[in-house]
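Order of appearance sets the numbers: ligands from 1, and atoms from 1 within every ligand. We use all heavy atoms of the structure for the numbers below, so side chains are in, but hydrogens, waters and symmetry mates are not.
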Amino acid sequence: MADPPADLRSDTVTRPTTAMRAAMAAAEVGDDVFGDDPTVNALEAEVAALFGHQAALFCPTGSMANQIALQLLVPPGGELLAGADAHVVSYESGAAAALGGISTRTWPSAGAALDAGQIAAMIRPAGYPSVATRAIAVEQTHNLGGGGIVDLDTLRALRAAADAAGVTLHCDGARIWHAHIADGVPLRGYGELFDTLSVCLSKGLGAPVGSLVVGSADRMAEARLLRKRLGGGMRQVGILAAAGRYALAHHLTRLADDHARARRLASALEPLGVVDATGVRTNLVMLDLGKAPLDAPSLVAAAAERGVLLAAMLPRTARLVTHLDVDDADIDRAIDVLTTLLTA
Ligand SMILES: *Cc1c(COP(=O)(O)O)cnc(C)c1O
């Protein structure tokens, strides 16, 4: 029998481990719409404390967590500033506009290399004869930016600009865990810079489902209503929250292994001219196929035939992601297959 493929498409493909399933099976549960699920309540308290905020709210997806946060921060007709390649702009089906009535203006794609001065200059105050800016959204780590980390000085400058203008700051922190592990910045250090954050348990941490939105107690009370409106009020969902609690306790520090594997992969592929390994800081490896013999869909198809799965992000950009279910042998195989295919 052939080995299962090395699945480097996304860190969402992980299956819950046996120990995680045991924690899920043993979870105490209740009806979370009534606030009665002790495991959900414990997870929300734990995550709020990790980020130094008052409260958190468990959501089925990161997209819902982001959209709830944006609706908290930006009233209908208000403006959000975000990167042109941000998840909230490009991968959430236009939800900010369609569901929140939010007007979005973008800064040019820069990945995690944000120019705080440029963003600050885009802010339009209330009373300005155009749409008033109400919030700025920053992605940490940056997905299309190849898992890049926005540095603390830039975030502090954005916080200062937001405060000066009376606007709010949201962090799409689907992979903020990776930034924390890679740079050693405490989660609270990030938490104190943002009005709201969204965090994912189902990416690198390996839970099957789940994200949280984090913020003040008042905002989270309102977030609970917005979640219900979006159809995200769940019942005995402690079964899933237990997976998240297990993931935080057991799968956080091991992200360093994923980062090391991503770096090894990038270093091996660097001579092919498709990636700058020094730019690989976390668990994402973006391949720039601009000069490669294959475009992204062709590379994805050819690698899949050889037992290596990766994702086509843009016509000439492919992504490889390390995670809980990728081991050293998978990395060796990916290096072999991609080297063969990209050596024209
Ligand atoms: C995955 C991801 C999300 C949330 O995605 P869901 O699939 O809705 O859970 C949000 N932001 C970023 C940057 C992501 O990578």
Walk me through whether Val47 and Leu248 qualify under side-chain contact (heavy atoms from CB on, under 4.5 Å).
CA-CA 9 Å; Val47 171; Leu248 282 171; 3.7 Å; yes

Quick note on ligand 1: atoms under 4.0 Å from a heavy atom of Asn143 include exactly 15 (O)

Could you say whether the N/O atoms of Gly62 and ligand 1 ever approach to under 3.5 Å?
yes

Going by salt bridge (Lys or Arg N to Asp or Glu O under 4.0 Å), name the residues that satisfy it together with Arg263, two or more places apart in sequence or in a different chain.
none

Give the atom numbers and elements of ligand 1 that come within less than 4.0 Å of a heavy atom of Thr61.
8 (O), 9 (O)

Are the charged groups of Asp32 and Arg227 less than 4.0 angstrom apart, N to O?
yes

Please round to the nearest 0.5 Å and tell me the distance separating atom CD1 of Ile68 and atom CG of Leu226.
6.0 Å

So is there a nitrogen or oxygen of Ser63 less than 3.5 Å from a nitrogen or oxygen in ligand 1?
yes

Give the ring-plane orientation class for His178 versus His259, where under 30° counts as parallel, over 60° as perpendicular and anything between as tilted.
tilted

Which part of Met64 is near ligand 1, with near meaning a heavy atom under 4.0 Å away: side chain, backbone, both or neither?
neither

At what distance is the nearest protein heavy atom to atom 13 (C) of ligand 1, and which residue and atom is it?
Glu139 OE2, 3.2 Å

Within a radius of less than 6.0 Å around CD of Gln118, do more than 12 heavy atoms belonging to other residues, nucleotides or ligands occur?
yes

Evaluate the 4.0 Å heavy atom contact test for atom 7 (O) of ligand 1: does a protein atom fall under the cut-off?
no

Heavy-atom distances under 4.0 Å are what count here, so tell me which part of Asn66 touches ligand 1: side chain, backbone, both or neither.
side chain

Nearest non-hydrogen protein atom, atom 11 (N) of ligand 1
Asp172 OD2, 2.7 Å

Name the closest protein heavy atom to atom 14 (C) of ligand 1, giving the residue it belongs to and the distance to 0.1 Å.
Lys203 NZ, 2.8 Å

Heteroatom distance test (Thr141, ligand 1): nitrogen or oxygen, under 3.5 angstrom:
no

Determine whether the side chains of His323 and Asp7 contain a donor N or O and an acceptor N or O closer than 3.5 Å.
no

Can a donor-acceptor pair be found between the side chains of Glu79 and Thr133 at a distance below 3.5 Å?
yes

Could you tell me whether Glu92 and ligand 1 have an N or O pair separated by under 3.5 Å?
no

Heavy atom under 4.0 Å from ligand 1: found in Arg175's side chain, backbone, both, or neither?
side chain

Among Glu92, Glu139, His142, the one residue meeting side-chain hydrogen bond (donor to acceptor under 3.5 Å, both in side chains) with His87
Glu92

The atoms of ligand 1 lying under 4.0 Å from a heavy atom of Ala174, numbered in the order shown, are 2 (C), 3 (C), 10 (C), 11 (N), 12 (C), 14 (C)

